[in-house]
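Just below is one structure, and these are the notes that go with it.
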Amino acid sequence: MGTTAAIFYVSEGYSTAGTRLLGRQAAGEGFLKGLVRYGQAQTLYCYTEQQAGFEEFCDRVRPWLERPRDLQWLSTNHPPNLNQAGTLFYPAPGCGHLAWQRRFFDQRSYSFCGVTHTTATKSVMNAIGELAIAPLQPWDAVICTSNAVKETFDRVLDDWCEYLAQRIGSRPSIDIQLPVIPLGVDCDFFPQGEEAQQIRARLRQDLNIPIGAIAVLFVGRLVAYAKAHPVPMYLALERAAQQTRSPLYLIQAGWFETKGEEESFQKGAQLFCPSVTTIFLDGRKPDIRRNIWCASDIFISLSDNVQETFGLTPVEAMAAGLPTVVSDWNGYKETVRDRVDGFRIPTLFSPAGCGEDLAAQFAADAIPYGKYIGLPALETAIDIDACASAISQLANHPEMRQKMGENGRRRARETFDWKVVVAAYEALWHELAVLRSTAPMAAPLAEKSPENPLNQDLFRLFSNYPTHVLHDRIVLSLGTNGNPEGMRKIAQLWMNVVDRDRYLKDELLAPVIQAIATAGKISVGELRRQFASSDRIPNAIFDRTLVYLVKFDILKVVRYV
């Protein structure tokens, strides 16, 4: 019942309990909770290296289970077992390395489903480029969380494929699916009705926000270079304060990366919006994360950073019933409907060519990532007058706040609630399952070709190194250690440092040794015919064992040709 995916589980990617709360962690935790609550499949699969990771996964998801479901561990040491789930959900866009891994097995046995978050880092850009050359298939997908990020994704892939066409004379085709599915929110998480009114009264009393004052809320990391520079927001609020009939309060709920950043935010508020009472709260605290929306009248987020791809907090504000004032930027363009759920404020960006110096410096590791994204943010302007006007209209017209808030709440539940988003994920996973059985394979593995040319069988790659390679005509006999005492000594000293599963187990090796002892000398071909033809003994294990035994003089070569 239901199509599902195994979760590539690393605790940090699905938890908001850490001291550095990031958007991708909030999104990951929300996705996992949504899948547990609303997924239709009976089994939840966890794909992790250690069983301890699976046990942590179980502890994480059990409180969210609303009906009995099976929890099953799939070890990363045995990728073929992913066929039990059908799809592997990977919480990043870089599935290329996993596709190379899969090529050692049956490429139709399972799919990959990645997802975009930040795309500006070197690692992510390289991962996007690898999608063009890795053996990804039409039954694999990377979910783009907004059309804005998909356009960026397409541009990078197009430029990379054009380079490859110039370099090697052929442009690769991109077979992977790139659907647009937004991030989700748990609409039931946010207080509603009478509970929300009670929380509002308590919080506004605790924060000394008087009745009739307008509280504007920002939620997110309080960092100028990587999220949203606060000065445009401060300037717009100051202008709005001169135009409104009620006192303005600004609540900034988040966390600072450095003490210097904290001082800059606080001093900036004093300098640029002295007429506005500013309040800073630790947005990592669970009580603040859930309830601060109730104390507020307007949500604001003037994102100006290229690493933002979707922007979850405006959707959370909509789910909480707040009208929103956001920059007309990235994924915000698709979540907030201008003059319906709130206002989208025009933005201005420097033209192409203005960042070539930064690209060159970043490529040479001459500047850090923070500067690489931070300088373009300084060259992203927000229409401050338009922002001030939007805040003023909302502050002065409670009926507008109520209508936009209701519109946003309805839109959040109909479009962005995890119940809706998880259903879209499951529909995609079902589509990938159909494609696994019907779509032509991209770059099928040619006979005798290495699965991964850059990570291949060392015995194939370095076959020119030795004098001889094991073959049927080589003749073997027992060596000086080819007796119980000699084999015991070797096993005692050396077998504990090798992977015993690579070689014949003792009960399968004993008849081979006996056959050689009985014959006196025997060819490899005859031994293969007698023993390796059995389904119990694969050729590779048998051949490796013979050479291993020759190494320790348990066997010896009588004749090479």
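We're numbering straight along the sequence, starting at 1.
Residue pairs that meet the side-chain hydrogen bond (donor to acceptor under 3.5 Å, both in side chains) test with at least one member in residues 73-90, sequence neighbours left out, are Gln72-Gln84.
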Sequence neighbours left out, cut at 3.5 Å: what donor-acceptor pairs do the side chains of residues 315-327 make with other protein atoms?
unit_1: Ser327; atom_1: OG; unit_2: Ser303; atom_2: N; d: 3.0
unit_1: Ser327; atom_1: OG; unit_2: Ser303; atom_2: O; d: 2.7

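Remark: Phe459 CZ is loosely packed, at most 12 non-hydrogen atoms of other residues, nucleotides or ligands lying under 6.0 Å away.
Checked against salt bridge (Lys or Arg N to Asp or Glu O under 4.0 Å), Arg344 has the following partners two or more places apart in sequence or in another chain: Asp328. Residues that satisfy the ring-ring contact (aromatic ring centres under 6.0 Å, His included) test with Trp100, not counting sequence neighbours, are absent from this structure. Considering only residues two or more places apart in sequence or on other chains, Glu262 meets the salt bridge (Lys or Arg N to Asp or Glu O under 4.0 Å) condition with Lys259. For the side-chain hydrogen bond (donor to acceptor under 3.5 Å, both in side chains) test, residues two or more places apart in sequence or in another chain that qualify with Arg413 are Asp188.
A side-chain N or O of Tyr9 and one of Glu56 form a donor-acceptor pair less than 3.5 Å apart. Side chain to side chain, Tyr225 and Glu257 meet the donor-acceptor criterion of an N or O pair below 3.5 Å.
Contact annotation: the side chain of Ser111 never approaches that of Trp429 to less than 4.5 Å [non-hydrogen atoms, C-beta and beyond].
For the atom pair Cys95 SG and Phe8 CZ, the distance stands at 10.0 Å (nearest 0.5 Å).
When atom types are taken as modelled, the side chain of Arg37 and the backbone of Trp418 share no donor-acceptor pair closer than 3.5 angstrom.
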